[in-house]
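Values reported hereafter were calculated over all heavy atoms of this structure, with side chains retained and with hydrogens, waters and symmetry mates removed. When a residue number appears, it is its place in the shown sequence, counting from 1.
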Amino acid sequence: TVIALGIGLMWFFNTRESLPLVTEYITGYGQLKIIVLPDSSKLVLNAHSSIKIPQHWNNEGDRQVWLEGEAYFEVEKKMAAPQKFIVHTAQVDVEVLGTKFNVNTRRSESIVALEEGKVQLFIKEKGIKILEKKTNPSVILKPGELAKIDSTLSVHVSDESNIDHYSGWVKNEYHFDDTPLGEVSKMIEDIYGYKMIAADSTLLNRSISGDLRAANIDDFVKVLQATLNLKMNIEGKAIIITKP
């Protein structure tokens with residue numbers, strides 16, 4: 001049984017939760033890292049991300065990690081003595097026994113997409129779980145459901161027919177559905193650290209649909225400019241966009 005997830009956040013030093021001694025793994029822009037956890041679970045850490053895991057793994061209690069950025073997890077379910085696997089983030093704690101899902105909390109919105117199994121989400125405010133709140137303090141997702149937690153900590157759940165698109169990045173695959181170039185530029189900035197600059201701001205309104213495969217920023221730019229009929233030049237850490 002596996003867990004697939006992606007997370008983005010900037011909270012670690014603001015949280016009030018106490019941490020055990022941890023080992024930290026960090027990736028740079030455009031870099032992926034495969035990490036095997038002490039319980040033989042595996043994760044792929046996406047670019048511009050970090051993960052902290054306890055130096056002394058607890059074989060009896062809950063398994064916990066603290067993630068900043070995005071990652072894909074394959075987590076083993078403990079059958080003899082069920083142990084939750086808890087991913088701590090700024091807006092939400094994701095608790096599972098064994099399942100497959102993607103979490104992305106870059107910028108101000110958290111998105112949890114459940115492929116199979118069951119997960120429970122505990123909404124957090126300033127790093128602390130909200131146990132009593134007018135809006136949902138916790139949410140249980142079913143397979144094929146997508147939960148969005150916005151900057152006000154409101155939760156919106158919907159059904160998604162192609163839920164696995166949210167974890168396609170692990171295979172360098174990206175799916176777009178009439179997505180404006182302006183939104184694509186935010187993803188490129190998060191993953192590769194390049195900022196898109198358009199000579200005419202209306203060019204960022206052009207949209208792209210379909211599947212794109214790219215292993216690096218050069219591949220990404222080549223596909224985008226061919227699909228959108230634009231000229232894109234990489235200059236330093238900027239991508240300059242003009243009409244051909």
Side-chain angles (χ1 to χ4, degrees), residues 1-12 22-55 57 63-78 83-107 109-117 119 121 141 143 146-147 160 162-176 184 186-194 211-220 223:
T1 306
V2 297
I3 298 180
L5 71 101
I7 301 179
L9 56 147
M10 297 294 289
W11 96 102
F12 179 75
V22 297
T23 298
E24 181 177 16
Y25 299 90
I26 301 173
T27 53
Y29 285 118
Q31 178 187 16
L32 299 182
K33 183 186 292 290
I34 298 175
I35 300 166
V36 178
L37 298 176
D39 64 346
S40 298
S41 297
K42 185 182 75 173
L43 70 91
V44 183
L45 192 63
N46 202 356
H48 191 212
S49 302
S50 68
I51 188 166
K52 298 176 177 68
I53 65 173
Q55 290 182 2
W57 199 253
R63 298 166 288 172
Q64 304 182 68
V65 299
W66 291 261
L67 185 67
E68 182 175 340
E70 189 169 15
Y72 181 96
F73 285 76
E74 294 182 353
V75 177
E76 297 294 331
K77 183 176 181 179
K78 297 296 185 180
Q83 293 175 284
K84 294 177 182 178
F85 191 97
I86 305 174
V87 180
H88 297 283
T89 81
Q91 289 184 314
V92 61
D93 279 353
V94 183
E95 298 189 2
V96 304
L97 288 176
T99 188
K100 188 175 185 179
F101 64 97
N102 196 84
V103 181
N104 187 323
T105 60
R106 296 190 193 271
R107 300 181 183 266
E109 182 180 61
S110 300
I111 300 175
V112 182
L114 180 61
E115 296 180 16
E116 62 183 48
V119 299
L121 313 179
L141 293 185
L146 180 80
E160 291 286 330
N162 296 302
I163 204 76
D164 57 333
H165 285 162
Y166 290 87
S167 60
W169 62 269
V170 174
K171 298 179 287 186
N172 296 318
E173 296 174 354
Y174 304 88
H175 178 79
F176 301 105
V184 178
K186 294 178 183 178
M187 183 184 69
I188 288 177
E189 186 174 357
D190 289 339
I191 296 175
Y192 295 105
Y194 287 77
D211 298 314
L212 181 155
R213 184 175 178 83
N216 52 56
I217 188 61
D218 292 323
D219 289 348
F220 228 119
V223 175

For the atom pair [atom1] ([X]) and [atom2] ([Y]), what is the distance rounded to the nearest 0.5 Å?
X: Trp66; Y: Ile53; atom1: CH2; atom2: CD1; result: 10.0 Å
X: Ser167; Y: Glu173; atom1: OG; atom2: CD; result: 9.5 Å
X: Ile111; Y: Asn104; atom1: CD1; atom2: CG; result: 6.0 Å

side-chain contact (heavy atoms from CB on, under 4.5 Å) between Met187 and Phe176, intermediate numbers included: CA-CA 12 Å; Met187 183 184 69; Phe176 301 105; 3.7 Å; yes
Set of ring pair (Phe, Tyr, Trp, His ring centres under 6.0 Å) partners for Tyr25, sequence neighbours left out: none
Distance flag, aromatic centroids of Tyr174 and Phe220, threshold under 6.0 Å: yes
Glu70 backbone acceptor or donor facing Ser49 side chain under 3.5 Å: yes
Can you tell if the side chain of [X] reaches within under 4.5 Å of the side chain of [Y], non-hydrogen atoms only?
X: Val112; Y: Tyr166; value: no
X: Leu32; Y: Trp169; value: yes
X: Val223; Y: Arg213; value: no

Ring pair (Phe, Tyr, Trp, His ring centres under 6.0 Å) pairs, two or more places apart, involving residues 28-49: Tyr29-His48
Lys100/Asp164 ion pair, N-O < 4.0 Å: no
